[in-house]
There are 2 protein chains.
Amino acid sequence: MSIQGIFPIDKWSFKSESILTDLPAADFELLMAHKSEHVLKKGEILFREGAYPAGIYYIIEGKVKKYKTDKTGREQIIYVANTGELLGYHAILSQYHYPDSAATLEESTIAFIPKEDFLLTLQQSSILNNRLLKTLSHEFSVLANSITLFAQNSVRERLALQLIVLREKYKVNFEPGMAVEINMSRDDLASLAGTARENVVRVLGEFKEAGIVETKGRKIFITDINKLIELANTR
Amino acid sequence: MSIQGIFPIDKWSFKSESILTDLPAADFELLMAHKSEHVLKKGEILFREGAYPAGIYYIIEGKVKKYKTDKTGREQIIYVANTGELLGYHAILSQYHYPDSAATLEESTIAFIPKEDFLLTLQQSSILNNRLLKTLSHEFSVLANSITLFAQNSVRERLALQLIVLREKYKVNFEPGMAVEINMSRDDLASLAGTARENVVRVLGEFKEAGIVETKGRKIFITDINKLIELANTR
DNA sequence: AGCGAAAAGTGATTTATATCAATTTTTTTA
DNA sequence: TAAAAAAATTGATATAAATCACTTTTCGCT
């Protein structure tokens, strides 16, 4: 069951369960045979749009933004990936370059898995194969929802929705009724909502006024998730 | 090579080659074993968002819009599929309902393939399997591009881009220098560009003024593709 | 702890686009 | 082929959001 039992959070998030959860031990070991682990500081880049892939990445712990940069340098965040998610497989599977860039949003522990091991495991493991088909198909629906969101909803609605989604990702040791702390720069929030930083600040101001969020420096505390769901207003 | 040798049309289109092109005969026959063919009139619905899938669809001939409808009834077209493309597999692979609706944009001949045959062929055919992984990964990059388009580009740029993409889809017996005829309602064009019908008419007016398009009733003739590419201005 | 840089926030203004209310043209069908 | 219906177009107006210029606050660092 999703937030308050009513909001369909999986419409907006790739991850229902990790692709690798409960993968048969043999498959898992094959995949991880030559992995390397790295601790990346906040803001470090895993891969860049347009580059050719050498492997895939597994988020052992942390958060990573997937984004595109336009000709003027403006960033558009496509998705925020969390602990347990796999990154960079689209480029390998499409036999093309990375469609987007990826950078850490906080200090993160990342495993790098060489392309060869990924492709070999994919050949061996029909479970991994099927999970990928399922995940990619689900991703389609998430991105289709995002397109509709950007094409048809106001900045206020978009920001409200992204805060709802982020809240799930920033939950730790959550108790019902507890405020969730979202620690993300206004710039990233703007890029996620497809607007300018100033507008994020202003809308966030409205939300404070309405008793929906509190802020302390850059940190945002979601105090009234239900009002936020009302505002997001996306079916 | 893409338009004028420079515009990366595959950034905006799922189809490079059909998933089914040159599929080994045995696999193809297994897949098509119980297919049924149907001629659908313009505007007929293949499937509806939220419904559970009974099979997949193959466009033998024609054009189909994939779209989502919001709570107010407003349509957002996600993608225009053309002859040779497969539809409806996301729902089956994600083991969930259809993420979008599909309706014909013109009279079309559609083959319906039962779910069981699709899944069986998928099990048997590693080629089909790999093609689907590749196609889905490519779709990811196309949708990510769309998100950026809607989040960061003006109505003029979005419409210019969609016209470029549509031009490829509406090409028949094309000779260099020839104007391509796009036959689509202003409402659908608006839904594709994420704006209101009136704005499409106005921007189209500008394009006519600039000698980029001509119109005759609802039909649009693209006469200067290069200017359109300049206007679309998307890297 | 205090300095400097980076990030957040504010206010004023401009601009793009949505919306409303008609009219005209095109297409359909009786 | 005329009438009716649907679609396209036009103009006026309202509104949301982008942009600019600037101030204040926060945070990382030596």
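Numbers restart at 1 for each chain; the letters A, B, ... are given by sequence-line order, proteins then strands. As a basis for the values below, the full set of heavy atoms in this structure was taken, side chains included, without hydrogen atoms, waters or symmetry mates.
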**Item:** Glu157(A) side chain to Ser154(A) backbone, donor-acceptor under 3.5 Å
**Value:** yes
**Request:** Test Ser185(B) against Asp187(B) for side chain to side chain donor-acceptor pair (under 3.5 Å), laying out the working first.
**Result:** CA-CA 5 Å; Ser185(B) 75; Asp187(B) 269 315; 5.3 Å; no
**Request:** Starting at atom CZ of Arg186(A), determine the distance to atom C1' of dT10(C), rounded to an integer number of angstrom.
**Result:** 14 Å
**Message:** Donor-acceptor pair, distance only, cut-off 3.5 Å: does the side chain of Glu49(B) make one with the backbone of Lys68(B)?
**Reply:** no
**Atom pair distance, as rounded to whole Å: CZ in Phe150(A) and C1' in dT17(C)** = 18 Å
**Item:** His138(A) (side chain) donor-acceptor with Asp10(A) (main chain) under 3.5 angstrom
**Value:** yes
Identify all side-chain donor-acceptor contacts of residues 206-215 of chain A below 3.5 Å with residues at least two apart in sequence or on another chain.
residue, atom, partner, partner atom, Å
Glu206(A), OE1, Arg156(A), NE, 2.7
Glu206(A), OE1, Arg156(A), NH2, 3.3
Glu206(A), OE2, Arg156(A), NH2, 2.9
Lys208(A), NZ, Thr215(A), OG1, 2.9

**Message:** Suppose we screen for side chain to side chain donor-acceptor pair (under 3.5 Å). Which residues come up paired with Glu139(A), at least two apart in sequence or across chains?
**Reply:** Tyr89(A), His90(A)
**Request:** Tell me whether the guanidinium CZ or amine NZ of Lys169(B) lies under 6.0 angstrom from the six-membered ring centre of Tyr79(B) and within 45° of its axis.
**Result:** yes
**Prompt:** Under the 3.5 angstrom rule, does the side chain of His38(A) hit a backbone N or O of Ser108(A) as a donor-acceptor pair?
**Reply:** no
When you compare the protein's N or O atoms with those of nucleotides 27-30 of chain D, which come within less than 3.5 Å of each other, and at what distance?
none

**Item:** Any residue meeting side chain to side chain donor-acceptor pair (under 3.5 Å) with Gln76(B), in chain and number order, not counting sequence neighbours
**Value:** none
**Message:** Rounded to whole Å, how long is the line connecting atom CG of Leu204(A) with atom C1' of dG9(C)?
**Reply:** 11 Å
**Message:** Would Lys66(A) pass as a cation-pi partner of Tyr98(A), given that its NZ or CZ must be under 6.0 Å from the six-membered ring centre and within 45 degrees of the axis?
**Reply:** no
**Complete:** Bend of the helix from dA1(C)-dT30(D) to dA30(C)-dT1(D) from end-axis comparison, five pairs per end, nearest 10°, comes to 60°
**Request:** Verify whether the ring centers belonging to Tyr57(A) and Phe47(A) lie closer than 6.0 Å.
**Result:** yes
**Message:** Nearest whole Å is fine: how far is dG9(C) C1' from Asp187(A) CG?
**Reply:** 12 Å
**Request:** Can you check each nucleotide of nucleotides 14-25 of chain D against protein heavy atoms at under 4.0 Å and return B for base, S for sugar-phosphate only, - for none, in 5' to 3' order?
**Result:** ---SBBB-----
**Request:** Send over the distance from Ile220(B) CD1 to dT9(D) C1', rounded to a whole Å.
**Result:** 13 Å
**Item:** Whole angstrom value for the distance that separates C1' of dG9(C) from NZ of Lys208(A)
**Value:** 9 Å
